[in-house]
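All residue numbers refer to positions in the sequence shown, counting from 1.
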Amino acid sequence: MSMEASPAAGARLLRGTGRTVLVTGASAGIGQATARELARQGFRLIVCGRRTERLTALLTELPAGTAHALTFDVRDRAATEAAIAGLPEAWRRVDVLINSAGGAHGLAPIQTGDVADWDAMIDSNVKGLLYVTRAVLPLMPDDAGAQIVNISSIAGRQTYPNGAVYCASKAAVDRLTEGLRFDLQERGIRVAQISPGAVETEFSQVRFKGDEARAAAVYKGYAPLTAVDIAETIGFLVTRAPHINLADVLMLPAAQAAATTIRRQG
């Protein structure tokens, strides 16, 4: 028996051509890699981030006329709403929303944690996701294979020492993802999340306030995931046939068994 996919099965895929995706956090890391991957698949892109110069550089990599940049901070509700409301008419349909903006700030117990770090994580990981999603939903079509993909974390499933607030913010993403799936069911909008384990991006540099040595130690002695690994998985999710929703993906490097259980060598 042939194990090859039938032409009919391939034809059911939601290919990127003619579809528009909005990606937050596109100026770095997973968001940036996702923008590149989905551009490769033929999607039109609305790339969003806080750093104009990085978004401008990203646009130069993409085919002319296939991408539009929005500079705003997801933590700023007014700026988020204004940026999305100001999209040109040609960009006012969004088939896929990738909520990638967010991050970790600090690694400390509650009793000595920096409240500014708590605010940054809750404002970006939770409130920012809500602000963007609420603003984009009116632009998403019903019953047309539209999809939201939230970037969560293994930290949303397992709490670890000194990371309570970050873990809580990602647990909120997990609950919000499920809640959105209920709320948007009648509109036919699919809602999914990817929860990565250790991914080598700017994540640890941000968490440790630019301490390069401390950040590098997080990924020493094993092969962590890369932003491209996550991006390729997102590309797979958003091109499945409209009746398929890969709703919850936990993605780990082979050396990682749990949030803080990693086999290191050398």
Side-chain angles (χ1 to χ4, degrees), residues 20-35 38 45-59 67-87 91-92 94-106 115-140 146-153 155-156 165-177 179-180 183-184 189 191-196 199 201-203 205-207 227 230-231 234 238:
T20 300
V21 56
L22 187 148
V23 184
T24 67
S27 57
I30 292 171
Q32 187 176 86
T34 298
L38 296 187
L45 286 161
I46 303 170
V47 291
C48 308
R50 294 180 292 111
R51 291 169 282 192
T52 303
E53 69 284 357
R54 289 199 179 190
L55 293 179
T56 300
L58 179 61
L59 289 182
H68 181 79
L70 294 177
T71 302
F72 63 92
D73 188 334
V74 299
R75 296 175 294 182
D76 185 331
R77 177 183 170 189
T80 298
E81 292 174 347
I84 293 169
L87 281 167
W91 294 92
R92 293 192 62 77
V94 176
D95 299 282
V96 178
L97 167 61
I98 311 294
N99 280 311
S100 182
H105 297 269
V115 174
D117 285 343
W118 300 353
D119 287 342
M121 289 185 281
I122 292 168
D123 288 349
S124 59
N125 298 345
V126 184
K127 294 165 69 177
L129 182 149
L130 285 168
Y131 296 157
V132 171
T133 302
R134 178 72 175 266
V136 171
L137 276 171
L139 308 182
M140 301 188 78
Q147 188 165 16
I148 296 171
V149 179
N150 296 327
I151 307 304
S152 185
S153 169
V165 176
Y166 176 69
C167 294
S169 73
K170 287 302 186 178
V173 173
D174 179 74
R175 297 297 85 198
L176 287 169
T177 300
L180 279 166
D183 292 346
L184 299 177
I189 296 175
V191 184
Q193 71 175 353
I194 295 182
S195 299
V199 186
T201 61
E202 293 180 354
F203 176 91
Q205 294 175 29
V206 173
R207 164 168 267 176
I230 309 303
I234 291 171
V238 301

(request) Could you tell me which non-hydrogen atom of Ser152 sits nearest to which non-hydrogen atom of Gln193, and how far apart they are? (result) CB-OE1, 3.4 Å

(request) State the NE2-OH distance between His105 and Tyr166, to the nearest 0.5 angstrom. (result) 10.0 Å

(request) Side-chain contact test, heavy atoms from C-beta onward, threshold under 4.5 Å: evaluate it for Trp91 versus Leu22 and give yes or no. (result) no

(message) How close do Gly102 and Ser124 get, counting heavy atoms only, and between which atoms?
(response) CA-OG, 3.9 Å

(request) Enter the distance from Ile30:CD1 to Ile230:CD1 here, rounded to the nearest 0.5 Å. (result) 5.0 Å

(request) Not counting sequence neighbours, which residues clear side chain to side chain contact (heavy atoms under 4.5 Å, CB included) with Asp123? List them please. (result) Arg75, Asp119, Lys127

(message) Using side-chain heavy atoms (C-beta onward) and a distance below 4.5 Å, is Leu184 in contact with Met140?
(response) no

(message) What I'd like to find out is whether the side chain of Ile122 reaches to under 4.5 Å of the side chain of Val165, using heavy atoms alone.
(response) yes

(message) So which atom in Ala227 and which in Thr201 form the shortest heavy-atom distance, rounded to 0.1 Å?
(response) CB-CG2, 4.0 Å

(request) Identify the heavy atoms of Ala104 and Val206 that sit nearest to each other, and give their distance. (result) O-CG1, 3.5 Å

(request) Rounded to the nearest 0.5 Å, what's the gap from CG on Leu70 to OG1 on Thr80? Could you check? (result) 10.0 Å

(request) Taking all non-hydrogen atoms of both residues into account, name the closest pair between Phe72 and Ala79 and its distance. (result) CB-O, 4.1 Å

(message) Is any side-chain heavy atom of Leu139 closer than 4.5 Å to one of Leu87?
(response) yes

(message) Heavy-atom count check: over 12 atoms from other residues, nucleotides or ligands less than 6.0 Å from Arg134 CZ?
(response) no

(message) Once rounded to the nearest 0.5 Å, what's the spacing between atom NZ of Lys170 and atom CD1 of Ile151?
(response) 8.0 Å

(message) Please enumerate all residues that pass side chain to side chain contact (heavy atoms under 4.5 Å, CB included) together with Gln32, with sequence neighbours excluded.
(response) Arg36, Leu58

(message) We want to know whether Thr133 and Asn99 form a side-chain donor-acceptor pair, criterion being a heavy-atom distance below 3.5 angstrom.
(response) yes

(request) With the side chain counted from C-beta on, respond yes when Val136 and Ile84 share a heavy-atom pair under 4.5 Å apart, and no when they do not. (result) yes

(request) Report yes if some heavy atom in the side chain of Leu137 is under 4.5 Å from a heavy atom in the side chain of Ile189; otherwise report no. (result) yes

(message) If we check side chain to side chain contact (heavy atoms under 4.5 Å, CB included) with Asn150, which of these qualifies: Leu180, Ile194, Asp174, Ile98?
(response) Leu180

(request) To the nearest 0.5 angstrom, please state how far the OH atom of Tyr131 sits from the CG atom of Asp76. (result) 8.5 Å

(request) Let me see the working for Val21 and Val238 under side chain to side chain contact (heavy atoms under 4.5 Å, CB included), right down to the final yes or no. (result) CA-CA 10 Å; Val21 56; Val238 301; over 6 Å; no

(message) So does Glu202 get a backbone contact from the side chain of Arg207, meaning a donor-acceptor N/O pair under 3.5 Å?
(response) no

(request) Could you tell me which non-hydrogen atom of Ser100 sits nearest to which non-hydrogen atom of Thr24, and how far apart they are? (result) N-OG1, 2.9 Å

(message) Checking Arg77 now: which residues fulfil salt bridge (charged side-chain N to carboxylate O under 4.0 Å, His left out) with it, not counting sequence neighbours?
(response) Glu81

